[in-house]
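For clarity, every value in this text was computed on a predicted model and none was experimentally measured. In what follows, every chain begins at residue 1, and chains take the letters A, B, ... in the order their sequences are listed.
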There are 2 protein chains.
Amino acid sequence: MKIDIIGRGNVGWHLMHAFADRADTVAVNPRTLEGLRQDCDLYLIAVTDDAITDVTRRLKETLPAEAAVAHTSGTTGIETVTEHFRNAGVFYPLQTFTKGVELDYREIPVMLEASDDSTREILTGAARLLSEKVMNVDSGQRALYHIASVFSCNFVNHLWALSSAYLDGHGLDFDALRPLLKETTRKLDDRAPYNAQTGPAVRHDLKTVNRQMQSLLNEKGYELADIYMTFTRSIMTHHPKKENQ
Amino acid sequence: MKIDIIGRGNVGWHLMHAFADRADTVAVNPRTLEGLRQDCDLYLIAVTDDAITDVTRRLKETLPAEAAVAHTSGTTGIETVTEHFRNAGVFYPLQTFTKGVELDYREIPVMLEASDDSTREILTGAARLLSEKVMNVDSGQRALYHIASVFSCNFVNHLWALSSAYLDGHGLDFDALRPLLKETTRKLDDRAPYNAQTGPAVRHDLKTVNRQMQSLLNEKGYELADIYMTFTRSIMTHHPKKENQ
C-alpha cells in the first residue's frame, strides 16, 4: 500500500515506524505539504486536533476528489474529513505515544470509522498491516473510549505525580513505590480491576481511613484530603460492606 | 537464620516463598501457635492489623522474653510489639501481594524499624536474605509511604474499575485500553510522573474538557463528572498554562 502520513509529531513518527517495511510510506510536512504524492491509497492526517480542519482544507485543494483521507484523532469526529472528501475516515490507534520509544504495535487497537464500505476496506487493509486488533468504532463510541482513557491513563498518571510530590515534600522516596506500581498493573492480567481492589476503603477499615484523613488534613491546600475522601467514598459505595466485615 | 512466620495468609505465604532456601522457616498457625519453635532468631507476625495485638500477647506467654519479634504491617506502629517484647520491630515489605503469584522479591523494598541496635541487626540480616532494597523507615514515615501507596495503587486501581464499568455500561470493551495502561506504567521507567503527564487537562484544551464534562453529566450519579472535574482542576493547577498555549 502507498500511504502518505501528513504530520511528523508523536503519532506521525510512530505510524512511520509501525508501517516501516510493510507499506510504502512518506512523512509529509503539514505546513508545506511538500512531497505529497497524488496517487496514494490512503492519506493519514496525524496533526494536533486544532490543525485537522486546516490541513484537510488544504489537502482538498491539492488531491483528487476521490482520495481516501483519514485523521488519527481520538477526540475529533469524522465530519471534519467528510466535509471535504467523499472517501473519508478515522484511523485512531489507542495508545499514549512517546516520540523515539518504539512499541509493540501488533497489540495496539486501531479504531476505524469510514464514510463508506470501500474506504472502510482501505482503512482495514492499512490497519491490519500494523495491528492484530482492528476495531470498527464510530465517532460517538470513540469519544467514550477517549474519556475512559483520560481516567485510566491521564488521571492515573496524575495520582502518581501527586504521590511523588507528597513523598518528596516529606523527604521520602517515590522510587520505593515502583515495584508496587508495576505489580498493580500486572495484576490486571489475571483479573478485572473491580476484583483486584485492595486497601483500607474496600476493607471498610475506618480506623485506617480516619487516621490517613487526619494526616492529609495537615497538608496544605487540602487537595490530597479532597481526593482521598472522594475515592474512599466511591470505593466504599462500589464495594458495600459485607455481612462479616 | 531460623525464622518462624506466624500467619498463613497473603503476606505469610509470600514470606515463606521469599525466604525459601535462604532461611530455616516454619509457617505457624496464628490461632493455635502449634509448632512454634522456642529458639528462632526472629519471629515475624504476618496477620491482619486487627489481630496483631492478640497474637503478640499470646506469643509473650509462650516465647522467652528476649525473643526478637516483628510485625509486617504498613499501618500499625512498632509500639504494638514493644509493649510486650524488648527486642521488637517492624518488617514491612512494600508490595501488593496476591496469594499464589510469586514475585521478584529482590526488588521489593523492605522497610525496617527496630526497638534497638541488636534487633535492627537481626531484621537487616533477614531482610537482606530476600531483598536488595532494605530501608530504615520509622512508624511516622511508614504511615506516609502507606498513604502514598493508597493513592498510587488502590486509587489507581479504582480508576481502572470505574473506566471498566463505564465502558461496560455503553457496551464497549475495557480490554481495548490494556496496551495503553501498560505503556502508561512503562513510561515511568524513563521519567518522573509529573513530566509524563498527557491529556486534555495538561494541554489546557478546554474545548475537549468541556465536551467530555458535558458527556459525563449524562451519566447517573454524577460520580464520574465529579472525579473528572476534581482531576482536571488539579492537573491544570499543577501544570499552569504556558505563554504559548
Checking [X] against chain B: side chain, backbone, both or neither under 4.5 Å from a heavy atom?
{"X": "Asp173(A)", "value": "both"}
{"X": "Val150(A)", "value": "side chain"}
{"X": "His146(A)", "value": "both"}
{"X": "Asn195(A)", "value": "neither"}

Residue selection (most heavy-atom pairs with chain B, distance under 4.5 Å) from [options]:
{"options": "Ala143(A), Ala161(A), Ser152(A)", "result": "Ser152(A)"}
{"options": "Leu103(A), Leu180(A), Thr184(A)", "result": "Leu180(A)"}
{"options": "Val137(A), Leu224(A), Asp49(A)", "result": "Leu224(A)"}
{"options": "Leu216(A), Thr76(A), Thr237(A)", "result": "Leu216(A)"}

TODO: Report the C-alpha distance between Lys182(B) and Thr185(A) in whole Å, list the side-chain angles of each, state the deciding distance to 0.1 Å, and finish with yes or no for side-chain hydrogen bond (donor to acceptor under 3.5 Å, both in side chains).
DONE: CA-CA 7 Å; Lys182(B) 274 196 189 152; Thr185(A) 311; over 6 Å; no
Task: Arg31(A) CZ: over 12 foreign heavy atoms closer than 6.0 Å - done: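 Counting neighbours around CZ of Arg31(A), 12 or fewer heavy atoms of other residues, nucleotides or ligands fall under 6.0 Å, so no.
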- [ ] Starting at CG of Leu172(A), measure out to CD of Gln141(B) and round the result to the nearest 0.5 Å.
- [x]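 Answer for the CG-CD pair, Leu172(A) versus Gln141(B), is 5.5 Å.
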Open item on the list: Just verifying a value: how many Å separate Gln212(B) CD and Ile147(A) CD1, rounded to the nearest 0.5 Å?
Closed with: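 Spacing of CD (Gln212(B)) from CD1 (Ile147(A)) equals 4.5 Å.
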Flag the one option from [options] with the top tally of heavy-atom pairs under 4.5 Å to chain A.
{"options": "Ala148(B), Ser149(B), Ser164(B)", "result": "Ala148(B)"}
{"options": "Leu181(B), Leu188(B), Ile108(B)", "result": "Leu188(B)"}
{"options": "Pro109(B), Gly199(B), Ala196(B), Ser234(B)", "result": "Ser234(B)"}
{"options": "Pro193(B), Gly171(B), Ser163(B)", "result": "Pro193(B)"}

Tell me, do [X] and [Y] make a side-chain contact under 4.5 Å, heavy atoms counted?
{"X": "Asn157(B)", "Y": "Tyr194(A)", "answer": "no"}
{"X": "Phe155(B)", "Y": "Val156(A)", "answer": "no"}
{"X": "His238(B)", "Y": "Leu162(A)", "answer": "yes"}

Just by modelled atom types, is the [Y] backbone N or O under 3.5 Å from a matching donor or acceptor in the [X] side chain?
{"X": "Arg178(A)", "Y": "Glu107(B)", "value": "no"}
{"X": "Gln197(B)", "Y": "Asn154(A)", "value": "yes"}
{"X": "Arg211(A)", "Y": "Thr75(B)", "value": "yes"}

Below 4.5 Å from any heavy atom of chain A, which atoms of [X] appear? Answer side chain, backbone, both or neither.
{"X": "Thr198(B)", "value": "both"}
{"X": "Gln95(B)", "value": "both"}
{"X": "Phe174(B)", "value": "side chain"}

Nearest heavy atoms of [X] and [Y], plus distance in Å:
{"X": "Leu177(A)", "Y": "Tyr145(B)", "result": "CD2-O, 4.3 Å"}
{"X": "Leu94(B)", "Y": "Ala176(A)", "result": "CD2-O, 3.5 Å"}
{"X": "Asp226(A)", "Y": "Thr230(B)", "result": "OD2-CG2, 4.2 Å"}
{"X": "Leu144(A)", "Y": "Leu167(B)", "result": "O-CD2, 4.1 Å"}

Open item on the list: Under the criterion salt bridge (charged side-chain N to carboxylate O under 4.0 Å, His left out), I'd like the reasoning laid out for Asp175(A) against Lys133(B): C-alpha separation, chi angles, the key distance, then a yes or no.
Closed with: CA-CA 11 Å; Asp175(A) 284 342; Lys133(B) 294 189 187 156; over 6 Å; no
- [ ] For ring pair (Phe, Tyr, Trp, His ring centres under 6.0 Å), just list the numbers for Phe151(A) and Tyr166(B), CA-CA rounded to whole Å, side-chain angles, deciding distance to a tenth of an Å, and then say yes or no.
- [x] CA-CA 10 Å; Phe151(A) 279 81; Tyr166(B) 170 72; 7.0 Å; no
Task: Plane angle bin for Phe231(A) and His158(B) - parallel if under 30°, tilted between 30 and 60°, otherwise perpendicular - done: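 Taking Phe231(A) first and then His158(B), their aromatic rings stand perpendicular (interplane angle over 60°).
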- [ ] Could you give me the CA-CA distance, side-chain angles and deciding distance for Arg233(A) and Glu223(B), then say whether side chain to side chain contact (heavy atoms under 4.5 Å, CB included) is met?
- [x] CA-CA 10 Å; Arg233(A) 186 177 56 220; Glu223(B) 183 180 40; over 6 Å; no
